[in-house]
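Just so you know, these numbers use all the heavy atoms, side chains as well, and skip hydrogens, waters and symmetry mates.
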Amino acid sequence: MAETMTGAQWLAGSIAASGQTHVFFVDAVLRRTLLALGDAGVQPVLAHTEKAAVYMADGYARVSGRPGIVAAQSVGAANLAAGLQDAFLSRAPIIALTGRKVPAHQHRNAYQEVDHAQLFSAVTKLQTDVADAADLPRVLRQAFAASVALPPRPVHLDLFGLQAEVIENGKVAAPVADLSAFRMPMHRPGPDMAAIEAAARALLAAPKVAIVAGDAAALSGCGAEVLMVAEALAAPIATALGARGMISTRHPLHIGVAGAYAAPPANRILHEADLILFVGADTGDMLTNYWRTPVAGAQVVQIDADPHEFDRSYPAAVAVQGDPRAALAALAAALGKPKRDGAYLASSQAQMATWRAEMAPRFASDAKPIDPARLAAEITAALPADGILVADTGYSGIWTATMVDLEPGQTYLRAAGSLGWSFPAALGAKCAAPDRKVLCWSGDGALYYHLAELETARRRGIAVTLVVNNNSGFGQGWPNFKRSAGNRPGAAEEILRFGPTDFTAVARSFGLNGIRVERPEDIGPALREAMASPETVVVDVVTDIEARAPAPWAPEGA
């Protein structure tokens, strides 16, 4: 008969046995569990906001492949739910644990108690109450399994008790659970061979084929298989922002990120294709530049493990359900080594070469304030072969999507749209990969969201290089706002500019080092110094708010 233990002992033992190295939380919740986790060698990381704690768990999950675990008491549940949006949209597995007041206290105006189910339903794939500690073995296993099942996404467990004390103090008559097998991708379903053969026929019949690989392709780890199919078809390859780096961005077949964050050649090349092969791609507005590339009605073939992605935005001539890696390997075998007209690929490569030549002066720019393109070039040079680059949303995503080159041994994490996500996510990524260098690209506008996590980085000894693209404002929307203000430039300044702030002084106030960079030639040495440090270092780069990132191309009139 299994030894009976408290819910806190069972939960802590199971988390430790499952290979989790960190959990992220805001007090006050699961205090007995957190103490037991610390004793078991799992590090509880106290954050300063629930959203920051979620973002840390998100970065941890994306790098480790394990579900990230985050917890907050009942009063903080609404804040925690808001933080799950980015993980949900990016398909990251999170186990969100919240306290929940017992039924006798509900619907009686209990302090800050609201309906948790409604809060979490939009940002989780499973959310359920846990009323009795005896239910923990079944529910936690289900939560781990659901979080990593395709598509991976957050799940929410509402543990009874304001601080989950009902569950912690209850009894569990079951051995601790080893849930370490639950990693993403958890399952790799094979494709139907009739669908593979139909896809091969459609692809071979199209003279000009382009491939768009999405986030689910990156999750599948199918870079080599994408290249095999692309080489057989003489097809250029574009990726979603979240899949950047799954193949070398310098590869002759690579044309960069597609869609709204694309450099100009990518969408133009895709527009010229006769057929688009979408691999693990969501065909949303950001990937297709608001459904303009490809245009409505374009011929597409789709490969995806999630059948809900088929025919979402474009009618699929052929839909192949299966793990992208397995499906592409089968497709490459079905294609063989056909003779292809290489004119379309040659044209795409010429367009990419021209664009890179046009950008070369900016990569070497000596302008002051600094052109962020120069910052991107210096990051390309400084990031180690196994480095992790974490980028915020908006212009941070566009600069890194178009101007930082990456190799498959490196990892690129990006915000799905939550401004301020990158710095806490970078801390979580470092927790998951303590032996790898983590560099975070954040705008100053994004960093203001979670500056307090500098204290967390110092207290917990989490070492990342935090690069601040510091232009004292929201650079992405600045020109449009100035135009809207017309002859009132002062009004535009008042509404959309802030600072100037010296973030090195802020870093020092938290007990960390900071390096202020005002000259382009100092960027490289500053990055190398920061990455060599055993603690978080803020590299505060003074950039030009007037500098423009590459704008995506769209068909005329679309």
Side-chain angles (χ1 to χ4, degrees), residues 90 208-215 217-218 226 230 235-273 276-296 298 300 313-314 344-345 347-360 362-363 372-373 376-377 380 389 391-406 412 414-417 441 475-477 479-480 547-558:
S90 294
K208 295 183 289 187
V209 174
I211 298 173
V212 177
D215 288 30
V226 167
I237 304 165
T239 70
L241 180 60
R244 187 158 178 81
M246 65 176 287
I247 63 171
S248 169
T249 59
R250 301 176 179 90
H251 194 283
L253 295 177
H254 193 267
I255 59 172
V257 169
Y261 280 15
N267 290 345
R268 187 164 53 239
I269 292 165
L270 294 175
H271 183 68
E272 295 167 357
I276 303 290
L277 172 59
F278 283 113
V279 181
D282 64 11
T283 68
D285 53 356
M286 298 306 289
L287 185 61
T288 63
N289 199 16
Y290 302 90
W291 303 286
R292 296 180 291 186
T293 50
V295 296
V300 306
S313 298
Y314 301 91
Y344 172 56
L345 177 58
S347 171
S348 72
Q349 291 171 331
Q351 291 182 58
M352 289 300 297
T354 298
W355 181 77
R356 285 185 176 271
E358 290 171 352
M359 290 297 105
R362 293 188 65 183
F363 291 140
T380 296
L389 174 61
D392 219 276
T393 191
Y395 245 27
S396 297
I398 297 174
W399 288 118
T400 52
T402 57
M403 294 195 164
V404 174
D405 275 318
L406 295 167
Y412 178 79
R414 55 88 182 185
W441 177 310
Q476 186 173 8
N480 292 335
R548 297 294 87 201
W553 178 90
E556 187 174 344

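- Summarising the geometry, atom OG1 belonging to Thr249 is positioned 5.5 Å from atom CG belonging to Leu406; distances are rounded to the nearest 0.5 Å.
- Proximity of Leu253 to Val226: side-chain heavy atoms (C-beta onward) are nowhere separated by under 4.5 Å.
- Here the CZ-OG distance, from Arg268 to Ser347, works out to 9.0 Å after rounding to the nearest 0.5 Å.
- With sequence neighbours left out, Arg548 forms a salt bridge (charged side-chain N to carboxylate O under 4.0 Å, His left out) with no residue at all.
- Looking at Leu241 and Tyr412, their side chains come closer than 4.5 Å, going by heavy atoms from C-beta outward.
- The shortest non-hydrogen separation linking Tyr261 to Gly394 is OH-N, 3.1 Å.
- Judged by distance alone, with hydrogens and angles left aside, the side-chain atoms of Thr293 form no donor-acceptor pair with the main-chain N or O of Asn289 at under 3.5 Å.
- A donor-acceptor pair is defined here as one N or O able to donate and one able to accept, closer than 3.5 Å; such a pair exists between the side chain of Tyr314 and the backbone of Pro294.
- Glu272 places no side-chain N or O within donor-acceptor distance of the main-chain N or O of Tyr344, the cut-off being under 3.5 Å.
- For the residue pair Ser313 and Trp291, the shortest heavy atom distance occurs at OG-NE1, 3.2 Å.
- The nearest pair of heavy atoms linking Trp355 to Pro265 is CB-CG, 3.5 Å.
- The residues Arg356 and Asp405 are annotated as salt-bridged, a charged nitrogen and a carboxylate oxygen being separated by less than 4.0 angstrom.
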Do Ile255 and Ile237 pass the side-chain contact (heavy atoms from CB on, under 4.5 Å) test, and can you show the C-alpha distance, the side-chain angles, and the key distance before you say yes or no? CA-CA 6 Å; Ile255 59 172; Ile237 304 165; 5.9 Å; no
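- Across every non-hydrogen atom of Thr393 and Ala415, the tightest pair is N-CB, 3.6 Å.
- With contacts defined as side-chain heavy-atom distances shorter than 4.5 Å, the pair His271/Arg292 does not qualify.
- Residues Thr402 and Met359 are not in side-chain contact: their nearest non-hydrogen atoms beyond the backbone lie 4.5 Å or more apart.
- You'll find the side chain of Phe278 reaches within 4.5 Å of the side chain of Thr283, heavy atoms only.
- Not a single donor-acceptor pair under 3.5 Å links the side chain of Ser396 to the backbone N or O of Ala391.
- Defined by atom type and a distance below 3.5 Å, a donor-acceptor pair is missing between the side-chain atoms of Thr400 and Trp441.
- Across Ile398 and Pro550, no two heavy atoms sit closer than the pair CG2-O, 3.9 Å.
- Atom CD of residue Glu358 and atom OG1 of residue Thr354 lie 6.5 Å apart, to the nearest 0.5 angstrom.
- The minimum heavy-atom distance between Pro552 and Gly259, with the atom names listed, is CB-O, 3.4 Å.
- Using a 4.5 Å heavy-atom cutoff, the side chains of Gln349 and Pro252 are in contact.
- Looking at heavy atoms from C-beta onward, Ile211 lies out of side-chain contact with Pro236 at the 4.5 angstrom threshold.
- In this structure, Asp215 does not pair ionically with Arg244, as no charged nitrogen and carboxylate oxygen lie closer than 4.0 Å.
- Counting heavy atoms from C-beta on, the side chains of Leu389 and Val404 come closer than 4.5 Å.
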Evaluate side-chain contact (heavy atoms from CB on, under 4.5 Å) for Val212 paired with Leu270, printing each intermediate quantity in order. CA-CA 9 Å; Val212 177; Leu270 294 175; 3.9 Å; yes
